[in-house]
Q: 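Starting off with a structure, shown below.
We name chains A, B, ... by the order of the sequence lines, and we start the count at 1 in each one.
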4 protein chains.
Amino acid sequence: MQGPDKDKGQAIIAAAKRIFALHGYNQARVEDIAQAAGVGKGTVYEYFSSKQAVFEQVVDAGMSQYMKGLEDEIRRDASPATKLRQIAVLHMKFVTNHQNLANIIIADPAIMSPHRARLREICEQAQDMVAGVIEQGIRMELFKAVDTLLATQAFFGILSSVGVSHLVRQQSRNPEEVASLAVDLFLYGLVTA
Amino acid sequence: MQGPDKDKGQAIIAAAKRIFALHGYNQARVEDIAQAAGVGKGTVYEYFSSKQAVFEQVVDAGMSQYMKGLEDEIRRDASPATKLRQIAVLHMKFVTNHQNLANIIIADPAIMSPHRARLREICEQAQDMVAGVIEQGIRMELFKAVDTLLATQAFFGILSSVGVSHLVRQQSRNPEEVASLAVDLFLYGLVTA
Amino acid sequence: MQGPDKDKGQAIIAAAKRIFALHGYNQARVEDIAQAAGVGKGTVYEYFSSKQAVFEQVVDAGMSQYMKGLEDEIRRDASPATKLRQIAVLHMKFVTNHQNLANIIIADPAIMSPHRARLREICEQAQDMVAGVIEQGIRMELFKAVDTLLATQAFFGILSSVGVSHLVRQQSRNPEEVASLAVDLFLYGLVTA
Amino acid sequence: MQGPDKDKGQAIIAAAKRIFALHGYNQARVEDIAQAAGVGKGTVYEYFSSKQAVFEQVVDAGMSQYMKGLEDEIRRDASPATKLRQIAVLHMKFVTNHQNLANIIIADPAIMSPHRARLREICEQAQDMVAGVIEQGIRMELFKAVDTLLATQAFFGILSSVGVSHLVRQQSRNPEEVASLAVDLFLYGLVTA
DNA sequence: GATGAATGAGGGTTCATTCAT
DNA sequence: AATGAATGAACCCTCATTCAT
């Protein structure tokens, strides 16, 4: 699968990420990716077995990077609220960086269907980590005894939605600031005290 | 282009909604849609000018139905919090009903690109309506003086995320209950009082 | 009795002649013909078994009309040159009236292939008639002893070419005048005496 | 193994010329052309943007070859009658070689409609050249003071008609001989001196 | 290894024909 | 008889994939 020249493989992944995000999976032609990577069309097949495989590598690379960052934050010694704040920044950056790859995966059920189980597993791992933080907060009586799964999904939902809207569409604020405001809302709610 | 038999056109729209949601735009063959609607492949073209047009009609039908419901809720005489609660139920039902059509639109930039401007306008109308409710709450000093745009996006983000996860994947709870829990979280936050 | 059926069949033939001449065989849709004839699409199939059959009827109608005129001219008591002059006017009117139907037949080998033999037979009948006139002229030592087949084809070639150019494209002169000039050229040649 | 690009493009043109002449434009499937050229269906689209474009290239190739020959004859130092005789041979060969491509163009108004203006221009150039020769003959008082446009059209009409009949249908004589007989008729007419 | 010319399966779309009303 | 909604065979074209250089 992996050709010997790691740099070229990475260049193709990077190019593919841009092209997929820009045009969507089906509208992205292998030739476009090759051109964006500065290689010939056939070269893509030296490094990856198929267009599908390129996409999976793009997703895998993004996810593993994300998971690595997530694990680091979780392992850190901090209060649950602080951890959520840090994870929020991480997630916001991820959303900003990977634009709509996640949507491609969701929207095109045929894509990654062989790998979908593993992808879901990874997502669930991420959710479990955050759920763990929330449970910790609940045990410490800092958080209400809500349904942790629902809260976790709400957490990601807020961040993704706000992230896409604020960062992709308007680049007026930095990710940290937006993440902070979103987490405030998540932690303290909309209603006045 | 529009044949006189409204029922058949509606049947095609309904079938197309299922097929698009199931397979994604590109993997959905016109023949699949025709078969699902119980008509011949050519009949689809008696009612719609193209596959693209079918998709747009599917989206339009869903959106106009949604907007109609939203306007009804907004116009109702109720407290901002109650309005948000009602809108949440509406949105949750919409997400449940339309599954990942929204994601298809987001993920495939080429789809609906001529109509994208109008679609965005509709979405912004919906956001403006909810933003109006939140502003009203802020003026009444019921809500904190947050960035209303950010809060609105967070509101939709929570509902969409929770809706997809809870309702599409696990159908253990009814939309009303899940919407209520999500809104509680949005209004009162995670942190204990 | 002149039932309404006959009228409708004739109307379809007349409409088809216009549509075929205007768009060519393949670009002429059965629906176009039906519409031009002021009837429903299905009605065409009440009178003709297929699009192909409609075209054949159009051609047959034109040819039999043409042949009838030709026979009348041949039977007339006149000098060979005068006969050719009369036939030329007839042919020029035919070309004007039927525009490019002949070209459609020639250009689309699949069209009328079952009937092509008969069509060729009719054309050859027409050629034989004119060839007979030329032979008569040769026997009377009014015409040179040329290859009658070649002369006949030249006769039709001049008339068709001049007819299409002068009458279809520029309608400045009447068929009789143009036919007369063309026949002068055919009879007396270009070179000065 | 495989020759350079140009050869394959030329092979496709040559194959297309045969297939179009044999079946007509619409009945000629792209796959037929590809097969006749000994290439895959997709290869046609490596060299030409569409079926339409293939046809236009076929026509262009034929026309430019024809025009080149025509110009050479015109430029030659010879009497008008001799020039016409040479042009006649050229035209007869062209008709023989290109069979009914011209008819396809005439019969199918939709074909080449974007290029029709240019095609007509080319035809008019050819007509103008021949008209020039005839005018020269008239000025030299070798030819009668006829309408040159009409004479030119008659010239082409004789040659095309005789060419198609004699050469395509019966291949008993060579083009030069037939052309010569046709020109004799055109120059000296049918009537005895 | 790197390339891109060659390939053909697949699908959107048209339209001649049918048939229930 | 007359209609036009319904149908599906046919065909152009795209683009992922292969392979000879």
Q: Heavy-atom nearest nucleotide on DNA chain E for D/Val39 versus A/Gly40: which residue maps closer to 5'?
A: A/Gly40

Q: Report the distance from atom CD of B/Gln57 to atom CD of B/Gln10, rounding to the nearest 0.5 Å.
A: 8.5 Å

Q: Tell me what A/Ala34 touches on the nucleic acid: a base, only sugar-phosphate, or nothing, going by heavy atoms under 4.0 Å.
A: nothing

Q: Which residues pass the ring pair (Phe, Tyr, Trp, His ring centres under 6.0 Å) test with A/Tyr66, sequence neighbours left out?
A: A/His91, A/Phe94

Q: Starting at atom CD1 of B/Ile19, determine the distance to atom P of E/dG11, rounded to an integer number of angstrom.
A: 14 Å

Q: Does anything in residues 49-58 of chain C reach DNA chain E, meaning a heavy atom under 4.0 Å, and if so which residues?
A: C/Ser50, C/Lys51

Q: What is the distance from CD of A/Glu31 to P of E/dA6, rounded to the nearest Å?
A: 14 Å

Q: Ignoring hydrogens and angles, are the base of F/dG4 and the side chain of B/Lys8 linked by a donor-acceptor pair under 3.5 Å?
A: no

Q: Could I get a table of every N or O pair under 3.5 Å where one atom is in the protein and the other is in nucleotides 19-21 of chain E?
A:
none

Q: Could you work out which one of F/dA16, F/dA9, E/dA2 sits closest to the side chain of A/Thr43?
A: E/dA2

Q: With sequence neighbours left out, what residues match A/Tyr25 under ring pair (Phe, Tyr, Trp, His ring centres under 6.0 Å)?
A: A/Phe20, A/Phe55

Q: For C/Val44 and C/Val54, which heavy atoms make the closest approach, and how far apart are they?
A: CG1-CG2, 4.0 Å

Q: Could you tell me how far apart D/His23 (NE2) and F/dC12 (P) are, to the nearest whole angstrom?
A: 12 Å

Q: If we ignore hydrogens and angles and just use 3.5 Å, is the side chain of B/Lys51 paired with the main-chain N or O of B/Ala28 as donor and acceptor?
A: yes

Q: What is the distance, to the nearest angstrom, from the CD atom on A/Gln35 to the P atom on F/dC15?
A: 14 Å

Q: Counting side-chain heavy atoms from CB outward, which of F/dA6, F/dG8, E/dC15 is closest to C/Arg29?
A: E/dC15

Q: What's the CG-P distance between A/Asn26 and F/dA16, to the nearest Å?
A: 9 Å

Q: CG of B/Asp60 to CD1 of B/Ile13: how many Å apart, nearest 0.5 Å?
A: 9.0 Å

Q: Output the pairing pattern of DNA chain F as a dot-bracket string, 5' first, Watson-Crick or G-U wobble with both distances under 3.5 Å, | for cross-strand pairs, [ ] for crossing pairs.
A: .||||||||||||||||||||

Q: How close do D/Ala11 and D/Ala37 get, heavy atom to heavy atom, and via which atoms?
A: O-CB, 3.8 Å

Q: Testing the basics here: between B/Ala15 and B/Ile33, what is the closest heavy-atom pair and its distance to 0.1 Å?
A: CB-O, 3.7 Å

Q: Separation of C/Ile33 atom CD1 from E/dA16 atom C1', in whole Å?
A: 11 Å

Q: Which pair of heavy atoms, one from A/Ala61 and one from A/Ser64, lies closest together, and at what distance?
A: O-OG, 3.2 Å

Q: Pick the nucleotide of DNA chain E nearest each of D/Val44 and C/Lys41; which residue has the one closer to the 5' end?
A: D/Val44

Q: Applying side-chain contact (heavy atoms from CB on, under 4.5 Å), can you list everything that pairs with C/Glu31, at least two apart in sequence or on another chain?
A: C/Arg29, C/Lys41

Q: OP1, OP2 of E/dA2 versus side-chain N and O of A/Tyr47: anything below 4.0 Å?
A: yes

Q: Do A/Gln27 and B/Asn26 make a side-chain contact, defined as non-hydrogen atoms from C-beta onward lying under 4.5 Å apart?
A: yes

Q: Do you know which two heavy atoms are closest between C/Gly9 and C/Phe48, and how far apart they sit?
A: O-CZ, 3.8 Å

Q: Rounded to whole Å, how long is the line connecting atom CD1 of B/Ile12 with atom C1' of E/dG12?
A: 15 Å

Q: Starting at CZ of A/Phe48 and ending at P of E/dA2, how long is that distance when rounded to a whole Å?
A: 12 Å

